[in-house]
Amino acid sequence: METFKNLLSPLGQTSSAVQDTLKLVVLGGTVETARRISASAWNGFIESFFLTAHFSQEDYPYDWLMHWLSKQPAWGRSREFDITTRSVGRNTITQTTAGDLEDEEDESLVHGRRKRKVAFMPSMDTMHTIYYHGHWLRITRSKRCQDYGYCSELKISVVARSNDILKKLVLEAKREYEKDAEHRVHIFMADTSYGCWRWNGARQKRPMSSIVLEPGVKEFLQSEEWYAERGIPFRRGYLLYGVPGSGKTSLIHSLAGELGLDIYVVSLSSKGMSDNTLANLMGNVPSRCILLLEDLDAAFTRSVSRDSGSTGAPPTPAATATASETKEVNDGSTLSLSGLLNSLDGVAAAEGRLLFATTNHIERLDPALSRPGRMDVWVNFKHATKFQAEGIFKCFFPFKKSTPATPLSQAPSLPPPAVPEDVSQTNLPGSKRQAAHAVPLLTEEEISELAKRFADAIPEDELSVAALQGYLLKNKTRPTECVDEVAKW
Ligand SMILES: Nc1ncnc2c1ncn2[C@@H]1O[C@H](COP(=O)(O)OP(=O)(O)OP(=O)(O)O)[C@@H](O)[C@H]1O
């Protein structure tokens, strides 16, 4: 009997091990089930109290919220963040507020290159908490994968019974955004790969007075139509043509600022541009904007396939030459003249949109483009005249208003004032034109005198205004020497 027990004992040990294992499995399973039930009960509880709003980068409210958040000290104090020089929305303001590493220079140029701003961005997938009107907002920024790449999303949750608090937040963000955007013009570029518009940056508005043109050139803007109730003329296309660096683009930007419109830019020379892409793009421009077709001629010097539907340009030698060039280059663009004309007609028919086109080679354009209702106002931009040289000099250097009693020679040389009443330097990009440079402050009369001498030394109709601006920029702290040395330049 004893022997039999001894024989069975290993089996008894095994069965208790199995029992122990089973106990562990049951215990583990119970704990896990309890955990899951409590987690889902907690989530259900949370969801029944939390309201959550999602904001996609593709839509404007995302920008309003990012802009609003950028102004919140808590957002800037985030303990986990990315450091970026990239834009995060349509609004560069998001980069330049709380948490900005470098805020004393705005859009300044260093050796001709734009200085990059570095900013703190709260990192992705981290929850940030902000107190807002008696509520704690839980905010998470995350990335979503889309057909054409990644798109950011903002999720804001709040414990509240109704969504009034979220509505209030969105409206406040919108108001603040619009207040700041008043001083900026947003630029959207056509993306030919996906036939859509991409935000490309926001520029400081530039006063129209800083664009120095011969008298009469700006007249086309002064018709009453422009400032009629809607602020937009009716069914008009404006073709600005002429030498490079003569102010065509600058004038359009300045106008956009005055009318409070964003600019949608299509470069017809872009790779992959086709009739369909152009039609898609045109179909997606908002109702109030400036549509700018850049390098209109480029489309005709590459691969525009003229079809029987087009009226055809007279066979000028230039056109013949470009036709032969056309065959050589083919980068996938299949834009046809009729496709372009159809798109233009569609845009022109839409009220509230302003159509502008620029070209450096007017002779290459097809006359069909200048039909009434298409490009019916043509404006020629030439090289700088003496009048423009004088004007640009005056725009460039700061001056102080001299009181009649003060003799010119005794006018004290003061550091540049920070007061906004100084109307000079409006031609320079950026808002802090006078900031760090010790420009000797001359009187208005002295600057006028120097400007006259500068203009006398500049040959008429030979240099572009951009070239003159480049020279002045190099001498931005030496107004007098710059005039003395201009003959050698
Ligand atoms: N008439 C002008 N008045 C004031 N600034 C000007 C004028 N023309 C050119 N500029 C300056 O020169 C630079 C280039 O000007 P802009 O880009 O407007 O020229 P553009 O005619 O559009 O040239 P492109 O044909 O090469 O596009 C800008 O920084 C602008 O400030």
Side-chain angles (χ1 to χ4, degrees), residues 106-115 185 187 189-190 200-201 203-221 238-258 263-270 290-301 354-365 375 378-397 423-431 433 451 454-455 458 460-476:
D106 183 23
E107 295 181 6
S108 54
L109 295 168
V110 176
H111 305 302
R113 297 185 60 188
R114 202 164 288 283
K115 224 173 159 184
V185 173
I187 319 282
M189 299 292 292
N200 192 253
R203 299 222 187 128
Q204 203 76 26
K205 285 185 182 173
R206 182 173 173 168
M208 189 63 90
S209 58
S210 73
I211 315 291
V212 187
L213 297 169
E214 274 293 294
V217 177
K218 275 192 224 171
E219 246 165 39
F220 77 98
L221 301 177
Y238 297 82
L239 177 65
L240 311 189
Y241 67 98
V243 293
S246 53
K248 300 182 287 295
T249 314
S250 306
L251 184 69
I252 295 166
H253 282 233
S254 178
L255 186 69
E258 293 220 339
I263 306 181
Y264 287 72
V265 186
V266 190
S267 178
L268 294 180
S269 55
S270 304
I290 286 186
L291 182 68
L292 170 58
L293 302 181
E294 273 192 332
D295 305 326
L296 200 55
D297 62 278
F300 298 92
T301 55
L354 259 180
L355 175 63
F356 274 91
T358 60
T359 178
N360 297 134
H361 302 281
I362 190 76
E363 72 285 353
R364 294 181 189 165
L365 295 189
M375 297 290 161
W378 292 35
V379 187
N380 190 1
F381 285 66
K382 298 181 183 162
H383 278 315
T385 59
K386 288 185 185 294
F387 173 86
Q388 284 175 290
E390 189 176 334
I392 198 143
F393 189 97
K394 284 188 191 162
C395 278
F396 206 85
F397 289 105
V423 292
S424 59
Q425 285 203 323
T426 46
N427 200 36
L428 291 180
S431 59
R433 300 170 180 92
F454 179 72
I458 297 293
E460 181 89 2
D461 212 8
E462 242 179 57
L463 299 165
S464 69
V465 183
L468 295 188
Q469 184 180 279
Y471 175 73
L472 295 175
L473 205 57
K474 268 197 264 164
N475 293 285
K476 62 185 174 204

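Every number for a ligand or one of its atoms is a count from 1 in the order of the listing.
The shortest N or O to N or O distance between Gly242 and ligand 1 is not under 3.5 Å. Remark: ligand 1 and Gly245 share an N or O pair separated by less than 3.5 Å (distance only, no angle test). Between Leu251 and ligand 1, a contact under 3.5 Å exists for no N or O pair.
Looking at Gln388 against ligand 1, only its side chain comes within 4.0 Å, counting heavy atoms. Proximity of Leu240 to ligand 1, defined as any heavy-atom pair under 4.0 Å, is not found for any part of the residue. The part of Ser210 lying near ligand 1 is the backbone, judged by heavy-atom distances below 4.0 Å. In Gln469, the part holding a heavy atom less than 4.0 Å from any atom of ligand 1 is the side chain.
Listed by atom number, the atoms of ligand 1 under 4.0 Å from Leu213 heavy atoms are 1 (N). The distance from ligand 1 to the heavy atoms of Asn360 drops below 4.0 Å at these ligand atoms: 25 (O). Set against the non-hydrogen atoms of Arg206, the atoms of ligand 1 under 4.0 Å away are 4 (C), 5 (N), 30 (C), 31 (O). Of all atoms in ligand 1, listed by their number and element, those nearer than 4.0 Å to a heavy atom of Ile211 are 3 (N), 4 (C).
The pair Lys394-Glu390 counts as a salt bridge, with a side-chain nitrogen and a carboxylate oxygen less than 4.0 angstrom apart.
The shortest side-chain heavy-atom distance between Leu268 and Glu294 does not fall under the 4.5 Å cut-off. A heavy-atom distance below 4.5 Å is not found between the side chains of Phe454 and Phe397.
Not close to ligand 1: Thr358, with no non-hydrogen atom less than 4.0 angstrom away.
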